[in-house]
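Just so you know, these numbers use all the heavy atoms, side chains as well, and skip hydrogens, waters and symmetry mates. Along the sequence shown, the residues carry numbers beginning at 1. Everything numeric here is computed off the predicted structure, so don't read it as measured data.
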Amino acid sequence: MDNPKIMWVSAQVLSIAKDDDLESQKSFFGGWTMAMLRRIASYQIDLSVVFCAKVQQRRHEQIDGIEVFILPIAGKDKAVSEQDRDWAVKSFLPDLIQIEGTEFRIQNLFSKLQTVPKLVSLQGILNGYKDYQYGLLQIDEMLHSRKSIHERIIARVLRARKHRCFDNRLSMEIETMRNANYFTGRTTWDRAYSYWINPHAEYYHCSRILRDSFYHSQWQYEECVQHSIYVSNGSSALKGLHIALEALRYLKKEYPDVKLFVAGLSPDLSPSIINPKSMGYPLLIRDMIKKFDLGDSVQFLGMIPEQDVASILKKVNVYVLTSLIENSPNSLGEAMLLGTPCVAANVGGVCDMARYGEALLYRANDPVMLAWNVKQVFDSNDLARSLSEKARAHARQTHDPASNVNSLLSAYASILNLSEIKARVMNETDE
């Protein structure tokens, strides 16, 4: 029989693209997508991938055995035209469409197709994130505060950005999920949310394959910089960098040399420059650093490539996840895979990734407990080593490439009733 034809749909410009004009558009996120794509491309499956980009004309290329369709962005929230969608589908004629994520219009448009079964791969679920977009900051108090004009600016910008960039996507995401015939996910949290939105779709568990660098290196206590912390994202209130800064001011009392490294751009801005991107949450972060006298304790690292992230995680004493909500954060998985001792907010699907003893868990939005847990790692070599060993052992199971490829292939086989794939997966599992 002919090979099954699977079409993946992504809102990110994937690294498979070779075009020079797409280089600056490639995402630092979604590395797991290419990791899985490249592995399943070696099986007897015909693969294509569709994504949108800032290009003038649609493109169709064959790259590394995968058919690549690049569609022009034709509206806000990464919308593409129906004509371009239909062109890609008719060119490839997929047996199954796998839609990566639910946040953008390209995903919604492909979910509306009636003639092809749709498997939605759950990432973050916006409808589960909606109550945390302000990072549990007291927006109403800030709006009516007479103490600081900065607070009123921060509150207004956060509200405006939430409405413009987030609220409008909520109903679209629900439609996308209700259009799905099948889901693939990784945690109890995404299983619960997907069930209550669409109880009729069948659910398949499939964990992520992480970026390659994190499988080939290991954190060692003797090589780490004492009293150093890494936070992988401080770009929005939901990610909780403000909570990390609150915790840092406690830690600095006991560890004057403490250092917090943050992936992302610095909120620093010359007073003579007016830049809307530095308003809102970046303004709050900048004010907190000044208020708590943390200028020499916080370093922003900019956008970091994969190999540099691995190097940083090997050097720091603790990785910290301060998010107010997450599904299954890959940054936590990468830190665990390397064996970096982890302190994490127990939110969303985090408890499926790390049990207590594999990481130190705390209630989100509690900087005192966050600081206490970090202090435990700083003060105990034995605890740091124990966390490292247990986290690495668990992560090597959760993110095992062969196991996760087999899980996805099994889902395809079940959906398409492909006995040949089923037999191959069973044989490889037995081996």
Side-chain angles (χ1 to χ4, degrees), residues 124-125 128-129 131-132 135-136 185-193 207-208 210 214 219 221 224 227-234 236-251 254-255 258 260-263 313 316-399:
I125 299 177
Y129 286 12
D131 294 331
Y132 305 94
L136 300 184
R186 302 169 302 290
T187 68
T188 307
W189 186 85
D190 69 33
R191 178 70 182 109
Y193 271 89
S207 294
R208 297 291 192 215
L210 300 180
F214 301 91
W219 180 89
Y221 181 82
C224 79
H227 307 153
S228 59
I229 306 165
Y230 175 68
V231 171
S232 63
N233 193 327
S236 67
L238 180 148
K239 297 298 182 180
L241 178 58
H242 56 289
I243 299 166
L245 295 178
E246 290 271 8
L248 189 64
R249 68 169 174 154
Y250 291 109
L251 291 166
E254 196 158 328
Y255 313 97
V258 68
L260 174 65
F261 296 97
V262 184
L313 282 170
V316 295
N317 204 161
V318 187
Y319 162 86
V320 169
L321 177 79
T322 54
S323 297
L324 280 306
I325 189 66
E326 291 281 0
N327 182 15
S328 59
N330 288 341
S331 59
L332 175 60
E334 290 172 344
M336 291 177 66
L337 197 56
L338 281 173
T340 308
C342 296
V343 174
N346 192 1
V347 296
V350 166
C351 59
D352 288 329
M353 296 184 68
R355 296 178 289 265
Y356 201 89
E358 298 164 348
L360 298 185
L361 305 179
Y362 71 98
R363 181 179 60 81
N365 202 33
D366 189 343
V368 172
M369 278 305 300
L370 170 57
W372 177 256
N373 283 347
V374 172
K375 171 180 165 55
Q376 304 315 300
V377 182
F378 282 177
D379 289 351
S380 173
N381 304 352
D382 290 341
L383 176 61
R385 290 190 176 96
S386 175
L387 289 169
S388 176
E389 291 171 5
K390 291 177 181 178
R392 195 161 185 265
H394 188 182
R396 288 177 73 84
Q397 292 180 346
T398 303
H399 305 292

Inset, instruction - State, with a plain yes or no, whether a side-chain heavy atom of Cys342 is found less than 4.5 Å away from one of Leu332. - result: yes

Legend entry - Nearest heavy-atom neighbours spanning Tyr356 and Asn373: OH-OD1, 4.5 Å

Inset, instruction - Evaluate the criterion side chain to side chain contact (heavy atoms under 4.5 Å, CB included) for residue pair Phe378 and Ile229; output intermediate values, then yes/no. - result: CA-CA 10 Å; Phe378 282 177; Ile229 306 165; 3.8 Å; yes

Inset, instruction - Would you indicate whether the side-chain heavy atoms of Leu260 and Leu245 approach each other to under 4.5 Å? - result: yes

Inset, instruction - Mark yes or no for whether Arg392, through its side chain, and Leu337, through its backbone, hold a donor-acceptor pair below 3.5 Å. - result: yes

Legend entry - Backbone N/O of Thr188 and side chain of Asp352: donor-acceptor pair under 3.5 Å: yes

Legend entry - Check: Arg186 main-chain N/O paired with Ser207 side-chain donor or acceptor under 3.5 Å: no

Inset, instruction - Enter the distance from Phe214:CZ to Glu334:CD here, rounded to the nearest 0.5 Å. - result: 3.5 Å

Inset, instruction - Hey, could you give me the NZ/OH distance between Lys375 and Tyr255, rounded to the nearest 0.5 Å? - result: 3.5 Å

Inset, instruction - Would you check if the side chain of Trp189 reaches a backbone N or O of Ser328 as a donor-acceptor pair within less than 3.5 Å? - result: no

Legend entry - Test item: side-chain donor near acceptor, Tyr319 and Ser331, under 3.5 Å: yes

Legend entry - Point-to-point distance, once rounded to the nearest 0.5 Å, from OG of Ser232 to CG of Leu241: 10.5 Å

Legend entry - Donor-acceptor contact below 3.5 Å, side chain Gln376 vs main chain Trp372: yes

Legend entry - Closest heavy-atom pair and its distance - Val316, Trp219: O-NE1, 2.8 Å

Legend entry - Separation between CD1 of Ile325 and CG of Leu238, rounded to the nearest 0.5 Å: 7.5 Å

Legend entry - Heavy-atom closest contact (Ala344 atom, Val350 atom, distance): CB-CG1, 4.3 Å

Legend entry - Minimum-distance pair of heavy atoms, taken over all atoms of Ala384 and Pro341: O-CG, 3.6 Å

Inset, instruction - Please round to the nearest 0.5 Å and tell me the distance separating atom CG of Asn317 and atom OH of Tyr221. - result: 6.0 Å

Legend entry - Main-chain N/O of Met353 paired to His394 side chain as donor or acceptor, under 3.5 Å: yes

Inset, instruction - For Thr322 and Lys239, indicate whether the former's side chain and the latter's backbone hold a donor-acceptor pair under 3.5 Å. - result: yes

Inset, instruction - Please round to the nearest 0.5 Å and tell me the distance separating atom CG of Leu383 and atom CG of Leu360. - result: 5.5 Å

Legend entry - Nearest heavy-atom neighbours spanning Asn365 and Leu324: CB-CD1, 4.0 Å

Legend entry - Minimum heavy-atom distance between Arg249 and Glu246, given as atom pair plus value: CG-O, 3.0 Å

